[in-house]
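The chains referred to below are lettered A, B, ... by the order of the sequence lines, with proteins before strands, and numbering in each begins at 1.
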Amino acid sequence: MDLATLQTAGRLARLTLNRPDSRNAMCIELLDALHACVDELSGRDDINVCVVMGAGRAFCAGMDLKELLEDPDNPRRLLTSIAELTIKMRDLPCATIATVNRAAIGGGCGLMCVCDFSITHEDAKIGYPEVDLGVCPAVVAPWLILRTGAGRARQILLQGGVMSGRRAHELGLITRLVESVDDLEDATGDMVERLVAAGPIALQATRAWLNELQPADLVEKVRKGAVISADVASGPEAQESLRKLYQGS
Amino acid sequence: MVRLEHHETPDGRVAVVLLDRHEKRNALTPDMLENIRACADHVHAEEDHPGALVLGGVGDVFCAGFDLSLCQEDPLILPALLTRLSETARALRHLPIPVVAAAQGGAIAGGCALLCGADFVITNRDARLGYPVVRIGVSPAVSSTLLQPAIGHAHCRERLLDPALIDGEEALRIGLASECLAKPDAVLPRALELATDLASKQRHALAATKRWLNELDGSENAAQLDGALNASLAITSGDEQRTMLESVWRG
């Protein structure tokens with residue numbers, strides 16, 4: 001079974017995280033599958049919009065923290081992969097919409113913030129609880145700052161925990177809020193309809209120009225963030241905290 | 001006029017730095033600014049240091065800004081105040097633990113600039129915040145390096161150029177405050193509560209996160225921080241400032 005799938009229909013693409021029994025936690029294999037999908041999509045200038053979604057009961061529970069413990073090389077592998085994935089996603093020619101059902105946590109929230117739009121519902125669980133677990137959200141911080149501004153990003157990342165979809169909307173993490181999870185499909189459909197009808201050249205040119213206006217050192221910072229996150233995740237505080245979480249000792 | 005206290009609960013240890021000159025609405029002297037910085041350095045140097053720091057002020061108003069009456073006696077006091085302010089805001093920002101400011105009532109001029117060193121700012125609805133200093137010939141540029149990333153270019157431009165004050169709700173809206181409460185008396189207790197929660201987080205992860213955020217938003221950019229200070233210092237010996245301050249003292 002593929003842990004991520006890409007389907008296209010006309011000018012629309014759907015990228016699905018497909019590891020529902022682990023709430024789409026990003027393990028190395030899932031990240032590899034996402035890379036393959038995004039590589040395929042990056043060559044498609046006939047697509048206007050890509051909807052990113054999670055199969056099952058969550059958009060994405062974040063990085064697979066259990067994998068961080070399994071091999072001393074894993075923190076670096078996982079975080080490098082997340083960094084390069086987000087860089088590629090921002091460079092796609094098409095617009096991207098994260099449709100967030102129920103939860104986008106940690107790295108999952110990072111994946112959401114790199115998309116142009118994020119739609120969720122009022123009681124979704126959104127946030128970056130890294131500092132509660134001894135890990136560091138450095139790799140996703142540059143994307144969050146672009147979304148909310150540096151002041152709010154500072155408060156969100158230092159405070160940790162998770163917040164409601166409603167609160168995330170107030171802070172600017174979410175671009176469109178709907179009442180319940182059942183409304184997500186319609187709200188996403190409305191936006192897709194508008195974007196699919198747009199001129200593909202105009203859409204691509206606008207998106208490329210907005211990317212050019214980003215800080216010149218953005219890619220460098222995302223990569224440096226991955227190194228910092230990996231270093232913290234490899235350290236004794238994180239390893240001890242994660243072992244307690246998974247082994248109860 | 002500045003006190004360092006420790007607030008301990010089973011959930012975490014918090015350092016509390018309190019401005020205590022309430023008869024002057026905590027108006028800042030060079031020594032007070034130096035003392036705040038010394039408190040921050042002291043907390044930093046403590047072995048097994050507290051997990052968060054609260055900066056607050058005794059009385060109805062967090063801080064009314066510089067004590068300008070001192071400048072009347074000695075023209076070198078204003079440059080000293082600006083330099084110490086810049087150093088103190090940096091020291092707070094560079095602490096490896098989160099800093100929560102409790103800004104009840106008001107944070108005016110230098111008081112508002114102090115807030116910019118904090119990671120979280122709690123205020124109340126009727127509080128008055130801002131930089132009413134161009135009207136007395138003083139430049140608030142010193143605050144820009146930390147203020148701009150916190151509230152964005154447009155709001156920063158408006159706040160530093162327009163001497164008008166804003167209320168707590170507006171401060172929350174533009175991101176100068178992170179929380180706005182109804183009652184001023186609730187501000188310090190809420191700051192302590194938030195700081196205690198922050199102190200319970202994983203310490204190494206929190207320090208690494210804060211350091212990285214500082215690098216990303218320019219808080220560690222010494223050249224820019226110095227440039228902002230120098231922009232404020234450059235006009236301190238000018239005729240305009242002297243004349244305008246003299247008219248303040250004449251009432």
Quiz prompt | Rounded distance (nearest 0.5 Å) linking atom CG of Leu171(A) with atom OG of Ser178(B) | solution = 10.0 Å

Practice problem: Decide if atom NZ of Lys88(A) counts as having more than 12 heavy atoms of other residues, nucleotides or ligands within a radius under 6.0 Å. | Solution: yes

Quiz prompt | Glu179(A) atom CD, neighbour heavy-atom count above 12 within 6.0 Å | solution = no

Self-check item: Engaged part of Ala177(B) at the chain A interface, taking heavy atoms whose separation is under 4.5 Å
Solution: backbone

Quiz item: Hey, is CZ on Arg13(B) packed in by over 12 heavy atoms from elsewhere, all under 6.0 Å?
Solution: yes

Quiz item: Does Lys125(A) NZ have over 12 foreign heavy atoms under 6.0 Å away?
Solution: no

Exercise. Check each atom of Ala238(A) against the heavy atoms of chain B and say whether the ones under 4.5 Å are side chain, backbone, both or neither.
Key: neither

Quiz prompt | Engaged part of Leu194(B) at the chain A interface, taking heavy atoms whose separation is under 4.5 Å | solution = side chain

Quiz item: Highest number of heavy-atom pairs under 4.5 Å with chain B: which of Gly225(A), Ala153(A), Ser229(A)?
Solution: Gly225(A)

Self-check item: Neighbour count above 12 (heavy atom, 6.0 Å) for Glu29(A) CD
Solution: no

Exercise. Identify the two heavy atoms, one from Trp212(B) and one from Pro142(A), that lie closest to each other, and give their separation to 0.1 Å.
Key: NE1-CD, 4.3 Å

Self-check item: Contacts of type salt bridge (charged side-chain N to carboxylate O under 4.0 Å, His left out), residue Arg23(A), not counting sequence neighbours
Solution: none

Quiz item: What part of Arg203(B) lies closer than 4.5 angstrom to a heavy atom of chain A: side chain, backbone, both or neither?
Solution: both

Quiz item: Looking at Leu198(B), Asp119(B), Leu206(B), which one has more heavy-atom pairs under 4.5 Å with chain A than the rest?
Solution: Asp119(B)

Quiz prompt | Heavy-atom pair of closest approach, residues Lys201(B) and Val131(A) | solution = CB-O, 3.8 Å

Quiz item: From Ile97(B) CD1 over to Leu158(A) CG, what is the distance, rounded to the nearest 0.5 angstrom?
Solution: 11.5 Å

Quiz prompt | Between SG on residue Cys136(A) and CD on residue Gln202(B), distance to nearest 0.5 Å | solution = 12.5 Å

Quiz prompt | Shortest non-hydrogen contact from Arg152(A) toward Leu172(B) | solution = NH2-O, 2.7 Å

Quiz item: Which pair of non-hydrogen atoms, one from Asp217(B) and one from Arg154(A), has the smallest distance, and what is that distance?
Solution: OD2-NH2, 2.9 Å

Practice problem: For atom CZ of Arg190(B), decide whether the heavy atoms of other residues, nucleotides or ligands shown that lie under 6.0 angstrom number more than 12. | Solution: yes

Quiz prompt | Working for side-chain contact (heavy atoms from CB on, under 4.5 Å), residues His204(B) and Val232(A) | solution = CA-CA 8 Å; His204(B) 181 64; Val232(A) 174; 4.3 Å; yes

Quiz item: If you count heavy-atom pairs under 4.5 Å between each of Ser200(B), Ala205(B), Pro98(B) and chain A, which one has the most?
Solution: Ala205(B)

